[in-house]
Amino acid sequence: MRNHEQGREKVIVFGARGRVGRAVVAEARARGHEVTEAGRADGDVTSAADVARLAAGHDVAVAAAYDMGAVPGEFFPAAARALAAGLARAGVRRFVSVGLASVLPTASGALLMDTPGYPQEWREFYLGHGAGTEALRAAAPRGLDWAVLSPAGDFAVGEAGGGYAFAPADADGRITHADFARAVLDEALAPTVHGAHAGVTTA
């Protein structure tokens with residue numbers, strides 16, 4: 001686990017009312033950063049104009065947003081394109097999006113969603129997430145340093161353990177929301193993953 005001491009930064013969290021968003025907000029505030037919580041009532045994450053308006057004046061951005069009423073294959077790419085354009089317009093220099101383990105490669109190289117026994121009933125959701133990452137890759141301007149982080153497997157129930165590590169996808173891997181939030185904030189403020197999707201698990 002990395003443990004960085006950063007100066008006070010202005011952080012905006014899109015999807016701040018969800019479990020991951022709340023954990024990132026709490027971690028950022030615990031470190032003394034200034035945080036803006038952006039939810040659906042504040043603006044549309046698929047609108048570049050709304051993203052730019054909300055993100056103006058911020059140093060870094062995190063997105064953990066999803067509209068449960070939307071088609072995943074439409075929502076995630078639209079949000080990725082709007083975030084890429086809007087954050088660049090607002091002058092945000094670093095962006096971390098919360099992704100999904102299902103579309104992350106395992107140690108064998110196969111995507112987790114394609115491994116034997118992996119649940120297929122939510123495959124449309126998996127593919128939508130993957131399409132969002134590809135849309136971000138295609139749309140992000142050179143000045144926006146981005147990364148996608150997801151649990152390497154899934155979230156664990158319980159208290160923070162304090163440690164995390166990057167890892168390939170593993171259906172048995174677990175990490176608490178609080179420990180995952182630490183990884184997200186570390187990557188937002190002191191980047192090591194650039195233009196890629198990385199999995200995070202308990203160290």
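Predicted model, so just to flag it, every value in this text is computed and none were measured. Residue indices begin at 1 and follow the sequence shown.
- Residues L87 and V35 are members of separate hydrophobic clusters, defined by side-chain heavy-atom contacts under 4.5 angstrom among Ile, Leu, Val, Met, Phe, Trp and Tyr.
- Between H177 and the options V157, V24, V20, a side chain to side chain contact (heavy atoms under 4.5 Å, CB included) holds for only V20.
- In this structure, the side chains of V103 and T133 stay at 4.5 Å or more apart for every pair of heavy atoms.
- Between the side chain of H33 and the backbone N or O of E9, at least one donor-acceptor pair lies under 3.5 Å.
- Judged by distance alone, the side chain of D50 and the main-chain N or O of S47 form no donor-acceptor pair under 3.5 Å.
- The two atoms that bring V62 and F95 nearest to each other are C-CE1, 4.2 Å, heavy atoms only.
- The side-chain heavy atoms of V98 and H129, taken from C-beta on, include no pair separated by under 4.5 Å.
- Separation of the F125 and F75 ring centroids does not fall under the 6.0 Å cut-off.
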**Study point:** Y118 vs S102, side-chain hydrogen bond (donor to acceptor under 3.5 Å, both in side chains): CA-CA, chis, key distance, verdict
**Key:** CA-CA 9 Å; Y118 197 76; S102 308; 2.9 Å; yes
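- Hydrophobic clustering, with ILVMFWY side chains joined whenever heavy atoms are under 4.5 angstrom apart, keeps W146 apart from V193.
- When ring centroids are compared, F14 and Y66 stay outside the 6.0 Å threshold.
- A side-chain donor-acceptor contact under 3.5 Å links T36 and H58.
- Using a 4.0 Å cut-off between charged side-chain N and carboxylate O, D145 and R94 make a salt bridge.
- Remark: the backbone N or O of T201 is not paired with any side-chain donor or acceptor of R174 at under 3.5 angstrom.
- Listed here is the closest heavy atom pair of D186 and Y164: OD2-OH, 2.7 Å.
- Nearest heavy atom pair, residue P72 against residue P77, reads O-CD, 3.7 Å.
- Minimum interatomic distance between G21 and A64 (heavy atoms only, all atoms of both residues): N-CB, 4.2 Å.
- Listed here is the closest heavy atom pair of P105 and L111: N-CD2, 4.0 Å.
- The hydrophobic cluster containing V60 does not contain I12, counting ILVMFWY residues as joined when their side-chain heavy atoms lie under 4.5 angstrom apart, directly or transitively.
- When all heavy atoms of A101 and A169 are compared, the pair lying nearest together is O-CB, 3.9 Å.
- Between L104 and S150, the closest side-chain pair of non-hydrogen atoms falls below 4.5 Å.
- At least one side-chain heavy atom of Y126 sits under 4.5 Å from a side-chain heavy atom of P119.
- For R182 and E187, the salt-bridge test fails: no basic side-chain N is under 4.0 Å from an acidic carboxylate O.
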Practice item. Check step by step if side chain to side chain contact (heavy atoms under 4.5 Å, CB included) holds for D170 and T106. Key: CA-CA 6 Å; D170 180 350; T106 61; over 6 Å; no
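- In summary, R53 and D44 do not engage in a salt bridge, as defined by a charged side-chain N under 4.0 Å from a carboxylate O.
- Under 4.0 Å is where a charged nitrogen must lie from a carboxylate oxygen, and between D114 and R123 at least one such pair does.
- Not a single donor-acceptor pair under 3.5 Å links the side chain of E37 to the backbone N or O of G15.
- Here R40 pairs with nothing under the side chain to side chain donor-acceptor pair (under 3.5 Å) rule; sequence neighbours left out.
- Hydrophobic cluster membership differs between L127 and V71, with clusters built from Ile, Leu, Val, Met, Phe, Trp and Tyr side chains linked at under 4.5 angstrom.
- Residues L112 and F155 are members of separate hydrophobic clusters, defined by side-chain heavy-atom contacts under 4.5 angstrom among Ile, Leu, Val, Met, Phe, Trp and Tyr.
- Summarising the geometry, atom CG belonging to L136 is positioned 11.0 Å from atom CZ belonging to R81; distances are rounded to the nearest 0.5 Å.
- A 4.5 Å side-chain heavy-atom check between D59 and V11 finds every atom pair outside the cut-off.
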